[in-house]
Amino acid sequence: KWLLTPSDLSAFYTRRPDVLAPKTLSGVPSATMPRREGGIMRVLEKLQPLSLLGLRLALGIIFFYHGYARLIRNSSEALAAFSGLGLPAFVFYIIGTLEVFGAVLLVMGLLTRVTALLLAIEMGLLLARVDVPRGGIYAVHNYELPLALCAGALALVTTGGGLLSLDAATFERGTKS
């Protein structure tokens, strides 16, 4: 059996697999047991560009669908519902435009952090002004989509578009160490 100490777990999560040595019940490293060289964490870390691409695509599709519906398909109905919130009409068009063009930028991975920040702010304001006051904080079914979109956008703000983005090909080329 292996006994893991807090320092072993710390070494595992700080990407120092050389420190992890299998231990016997006495706590002494065993020479006969193989060392773990990164394990599943290295495999998962190599999948990060694909997961960021998937996140960008998912957010882009959802934002495009809702922005397009606001601006083109049900514009008059959506504007009437939006004006009931007490905001001027031009804010409706700004939000729709941000969602449509922001979605395209997210899918391409261009200006990902800025676009995701603007979309996260939009979703945060939507949560604070509309969805949570409508049903209270415990009515999660009223605000689960905006909350998930806000969290996904914030994840892109902090991580960027990843290696499979136009940002990586243009802006972040010289910053890799």
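Interatomic distance, L119 CG to I62 CD1, rounded to the nearest 0.5 Å: 11.5 Å. Between the CD atom of E99 and the CE atom of M123 there is a distance of 5.0 Å, given to the nearest 0.5 Å. The line from SG of C150 to CG of L59 is 10.5 Å long, rounded to the nearest 0.5 Å. Atoms CG and CG, from L53 and L47 in turn, are 12.0 Å apart once rounded to the nearest 0.5 Å. For the atom pair L98 CG and I121 CD1, the distance stands at 9.5 Å (nearest 0.5 Å). Interatomic distance, D131 CG to E144 CD, rounded to the nearest 0.5 Å: 10.5 Å.
Linking ILVMFWY side-chain heavy atoms closer than 4.5 Å, directly or via other members, places L126 and L147 in two distinct hydrophobic clusters. Under a hydrophobic clustering in which Ile, Leu, Val, Met, Phe, Trp and Tyr are joined whenever their side-chain heavy atoms come within less than 4.5 Å, directly or via other members, I94 and L79 fall into the same cluster. Residues V130 and V140 do not share a hydrophobic cluster, defined by chaining ILVMFWY side chains whose heavy atoms lie under 4.5 Å apart. By the criterion of side-chain heavy atoms lying less than 4.5 angstrom apart, applied directly or through intervening Ile, Leu, Val, Met, Phe, Trp or Tyr residues, L127 is not grouped with L145; the two fall into different hydrophobic clusters. In the hydrophobic clustering of this structure, L166 groups with L156; members are Ile, Leu, Val, Met, Phe, Trp, Tyr whose side-chain heavy atoms approach within less than 4.5 Å, directly or through other members.
Of the possible donor and acceptor atoms, none in the side chain of Y65 sits under 3.5 Å from a partner among the backbone N and O of G60. Judged by distance alone, the side chain of R56 and the main-chain N or O of L164 form a donor-acceptor pair under 3.5 Å.
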Donor-acceptor contacts under 3.5 Å from residues 103-115 side chains, at least two apart:
residue: T112; atom: OG1; partner: G109; partner atom: O; Å: 3.2
residue: T112; atom: OG1; partner: D167; partner atom: OD2; Å: 2.8
residue: R113; atom: NH1; partner: V157; partner atom: O; Å: 3.0
residue: R113; atom: NH1; partner: T158; partner atom: O; Å: 3.2
residue: R113; atom: NH2; partner: T159; partner atom: O; Å: 3.3
residue: T115; atom: OG1; partner: L111; partner atom: O; Å: 2.8

side-chain contact (heavy atoms from CB on, under 4.5 Å) between L118 and E122, intermediate numbers included: CA-CA 6 Å; L118 292 173; E122 176 202 347; over 6 Å; no
Evaluation steps, side-chain contact (heavy atoms from CB on, under 4.5 Å), between Y143 and I137: CA-CA 9 Å; Y143 61 88; I137 192 116; 3.9 Å; yes
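Nearest heavy-atom pair, A168 versus L163, reported as atom, atom and distance to 0.1 Å: CB-O, 3.6 Å. Annotation for G162 and L52: closest pair CA-CD1, 3.6 Å, computed over non-hydrogen atoms. Listed here is the closest heavy atom pair of V100 and G67: CG2-C, 3.4 Å. Shown here for N142 and G135, the closest heavy-atom pair between the two residues is ND2-CA, 3.4 Å. Nearest heavy-atom pair, T97 versus L71, reported as atom, atom and distance to 0.1 Å: N-CD1, 3.6 Å.
Residue pairs that meet the ring pair (Phe, Tyr, Trp, His ring centres under 6.0 Å) test with at least one member in residues 81-101, sequence neighbours left out, are F82-F92.
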